[in-house]
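These notes concern the structure reproduced below.
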Amino acid sequence: MITVRKTSFRLDTEHTTYLFRKTKYGHLEHIYYGNLLSKEDRAGTLAQKRSIQVGSSVFYDPEDSVYALDSMCLEWADNGRGDYRQSPTEFVMPDGSFVTDFIYESHDVLDGCVPMDTLPTAYGGNQTLKITLKDKAFPIFIDLYYTVFEQTDVITRRAVVRNEANAPLTIRRIMSMTMDLPDECFQMYTLDGGWIKEANLHKRPVTYGITVNSSTTGASSNRHNPAFIIAEADANEDYGDVYAFNMIYSGNHYSIAEKNERDDVRVSMGINPHLFEWIVSPGDKFETPECVMSYSSRGFNGTSHHMHDFINEHIVRGDYKKKDRPVLLNNWEAHFFDFNEGKLLRLAKDAKELGVELFVLDDGWFGDRNNDNAGLGDYTVNPKKLPQGIKVFADKIRKIGLNFGLWFEPEMVNEDSNLYRTHPEYAVKLPNRKAVLGRNQLVLDLCQKEVRDYIVEQVSNILDEADIRYVKWDMNRHIAEVFSSVLQNQGEFYHRYILGLYEVLTRIFVPRPHILLESCSSGGNRFDLGMLVFSPQIWASDDTDPIERLKIQTGLSYFYPQSTMGAHVSASPHQQTLRETPLATRFHAACFGCLGYELDLKYLTPEEKKDIADQITFYKQYRRIFQYGRFYRIRSYKENKVIWEVVSEEKETALTGFFQTLAAAAESSDKLKVIGLKKGRYMIRTRPQRLYIERFGCLTKHVMPVELSPDGMIMRVANRHYSLKDCVETYTCSAEALSSGIPLCEQFIGTGYHEKES
Ligand code: GLA
């Protein structure tokens with residue numbers, strides 16, 4: 001609910017209040033963001049007091065020695081009027097100066113969300129507050145939009161700049177939001193990484209000066225995800241003041257936490273000003289991406305729940321909103337580029353027998369794409385691999401009983417491709433320099449209309465021809481040496497690229513809502529809310545090693561729900577780490593997302609096939625909870641444990657993933673703690689794991705009457721057809737007992753085997 005009083009603006013969600021006011025000079029002063037206030041609470045009481053002048057201040061009004069912008073908590077800020085913190089804007093004003101003074105002009109309370117002309121927004125909000133600021137010297141306006149999403153405890157913010165002066169306005173920096181908070185010994189949490197190690201959570205103190213979280217690669221990036229948290233020093237998963245932020249944008253992003261000598265922390269977020277410059281002509285406007293904010297005093301799980309609900313309810317849209325995601329098999333790690341129709345059909349048949357629902361043909365089906373040097377940009381099917389074309393192949397897959405999905409990388413081109421030979425001007429490169437390549441490819445210039453039309457036409461034709469139900473949309477290199485022949489001002493490139501991408505995705509997928517889009521960028525290089533507007537799920541990482549996945553999926557879980565994370569079971573030893581892990585562990589990490597398999601099934605033993613068939617049956621039984629259940633990160637007091645839990649909507653069923661990342665000798669007992677259930681009595685059942693004979697190696701000689709070679713024929717045959725049960729425990733107890741924790745049986749501590757050991 002939005003309440004406007006004489007000078008104050010109050011935005012309430014179910015459990016939070018956001019409050020700011022207009023000062024006597026018309027600046028917007030941030031007052032409060034926290035738990036829901038009572039109706040009687042007033043801005044004057046909660047505002048920071050200005051009772052005495054702060055030394056070395058520059059005063060906004062020479063007559064007023066307590067009004068210095070630098071020592072105020074603001075909701076928007078200028079350059080050159082005495083505030084020395086980083087301003088959300090850097091404009092070259094019509095007089096050539098950088099000085100601005102945006103003050104309150106008017107406001108309006110509108111129903112629902114206000115869509116943008118150029119960028120995607122969240123939908124289904126309750127109300128929007130629009131505040132218009134006007135510069136004191138020029139008819140240049142900034143409209144600040146605040147949308148309230150009451151049930152999910154989220155408020156979004158964005159800014160629109162309108163130039164009504166008769167000279168152009170140059171924007172060098174424009175943030176979507178800015179807000180100053182009094183410090184609580186804040187810590188900043190970000191998701192950082194790179195290829196195959198995305199979204200690892202890092203914590204650092206917000207100290208004096210500026211802490212930046214940003215990307216410059218042209219995408220939201222695997223280096224630094226746009227989402228971040230500012231939390232009080234003692235916050236943990238279940239307790240403490242936590243502010244979470246994200247942005248509906250897939251390009252270069254930039255966020256700061258700037259702590260000044262007054263111990264106020266400015267948080268700003270927007271498009272990265274790096275290599276950015278935008279000229280707003282007279283009569284024109286510039287829209288910034290929508291930022292998403294949430295507060296909880298219930299720790300990180302609190303803001304995660306808000307963000308998860310917000311994404312499931314207000315970001316993901318179309319036919320796949322809140323819809324079950326299919327169990328898929330992707331052929332990439334099974335074949336790479338080396339496949340033919342026979343290999344694919346065999347894989348598909350095996351997959352069908354195990355319970356898979358969707359077959360995805362990955363890279364390599366088109367042009368001369370037999371390795372990653374050639375073919376990107378072309379869409380003709382490789383006749384050696386699929387002699388009768390894509391439609392006939394898709395029909396064969398459907399005849400097996402599986403849906404059919406296909407991989408594309410439409411934003412890229414190889415120099416060795418028909419597209420590049422015919423249209424070298426479609427690629428991003430400078431006329432006077434040798435191009436730099438990433439994965440042997442160039443980026444297509446989405447600023448050009450012809451390029452966007454080409455992609456839309458080519459991809460759409462294939463989708464319709466083969467009645468494709470799932471698309472994996474990949475993007476496998478960072479953008480460099482930005483230049484577009486159609487732009488006068490190259491400072492617009494990065495943003496125009498993203499606008500072009502959103503246009504292409506809209507044109508292809510909005511008319512085809514039956515297609516499930518999974519976006520990918522070498523894994524999680526573009527895991528962001530902008531992509532989630534179009535693709536309900538995103539391939540979280542090329543790293544399917546479950547121990548690495550625990551870090552990646554845990555990191556993502558702070559901001560993104562399980563329904564958005566593509567998670568696959570692949571072969572062991574792992575392609576990315578060479579680590580060997582049990583099949584059960586691989587499944588148990590992947591089932592807390594959108595489950596898939598990505599390995600050559602022909603190498604599985606009959607025992608492993610039974611194992612996978614059981615996994616898929618189990619997943620289907622609890623799919624709704626795995627994909628949409630309430631997700632908790634359970635605190636563990638041991639460093640070698642990661643514990644995830646999902647709870648059904650009715651709070652009657654919980655599934656816990658109890659993971660051990662490293663074995664320790666004679667490990668002490670573990671406790672299973674389950675939270676979030678309704679009062680009542682519960683039956684606790686472990687999901688028995690299969691323990692394969694090969695894991696015991698030569699240890700079998702200690703329990704067998706005969707000594708068998710661990711690598712001998714008998715052991716290999718036994719391993720194919722027989723496994724031991726592991727981790728078999730059953731209890732009955734109350735929700736209260738569960739929430740304080742049930743001690744589990746000891747695990748393997750060197751003295752022998754017992755099926756109850758976990
Ligand atoms: C990227 C993706 C992979 C796979 C390959 C194909 O690396 O992340 O999943 O699709 O491209 O080239």
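On a predicted model such as this, the values are computed, not experimentally measured, just so you know. FYI, the numbering just counts along the sequence from 1. As the structure lists them, so they are numbered: ligands from 1, and atoms in each ligand from 1.
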Exercise. What atoms in ligand 1 come closer than 4.0 Å to a heavy atom of Asp363?
Worked result: 6 (C), 12 (O)
Seminar exercise, completed: Taking only non-hydrogen atoms of Trp539 and a 4.0 Å limit, the atoms of ligand 1 in range are 8 (O), 9 (O)
For this session: Return the residue, atom name and 0.1 Å-rounded distance of the protein heavy atom closest to atom 5 (C) of ligand 1.
Result: Trp332 CE2, 3.6 Å
Exercise. By number and element, which atoms of ligand 1 are closer than 4.0 Å to a non-hydrogen atom of Cys520?
Worked result: 2 (C), 8 (O)
Exercise. Under 6.0 Å from the six-membered ring centre of Phe408 and within 45° of its axis: does the NZ or CZ of Lys472 meet both?
Worked result: no
Exercise. When you measure from atom 2 (C) of ligand 1 to every protein heavy atom, which one gives the shortest distance, and what is it?
Worked result: Asp474 OD2, 3.0 Å
Exercise. Mind checking whether Lys472 has an N or O less than 3.5 Å away from an N or O of ligand 1?
Worked result: yes
Exercise. Just checking, Arg633 and Tyr558: is the charged tip under 6.0 Å from the six-membered ring centre and within 45° of the axis?
Worked result: yes
Exercise. Taking atom NZ of Lys385 as the centre, does the number of heavy atoms from other residues, nucleotides or ligands within less than 6.0 Å exceed 12?
Worked result: yes
For this session: Pull out every atom of ligand 1 sitting under 4.0 Å from any heavy atom of Asn476, numbered as shown with elements.
Result: 1 (C), 7 (O), 11 (O)
For this session: Report the nearest protein non-hydrogen atom to atom 8 (O) of ligand 1: residue, atom name, distance rounded to 0.1 Å.
Result: Asp542 OD1, 2.5 Å
Exercise. Which word best sums up how the rings of Phe631 and His308 line up, parallel for under 30°, tilted for 30 to 60°, or perpendicular for over 60°?
Worked result: tilted
For this session: Give the residue and atom name of whichever protein heavy atom lies nearest to atom 4 (C) of ligand 1, and the separation in Å to one decimal.
Result: Asp362 OD1, 3.4 Å
Problem set entry | Arg439 to ligand 1, any heavy atom closer than 4.0 Å | yes
For this session: State whether a side-chain donor-acceptor pair under 3.5 Å links Tyr470 with Glu518.
Result: yes
Seminar exercise, completed: Numbered in order shown, the ligand 1 atoms found under 4.0 Å of a heavy atom of Gly523 are 8 (O)
For this session: Flag this pair as yes if the NZ/CZ of Arg496 is under 6.0 angstrom from the six-membered ring centre of Phe493 and inside a 45 degree cone about the axis; otherwise no.
Result: no
Exercise. Does the N or O separation between Arg369 and ligand 1 drop below 3.5 Å for any pair?
Worked result: no
Problem set entry | Test: Arg687 cationic atom under 6.0 Å from Phe618 six-membered ring centre, within 45° of axis | yes
Problem set entry | salt bridge (Lys or Arg N to Asp or Glu O under 4.0 Å) between Asp464 and Arg512, intermediate numbers included | CA-CA 9 Å; Asp464 295 342; Arg512 296 175 182 81; 2.8 Å; yes
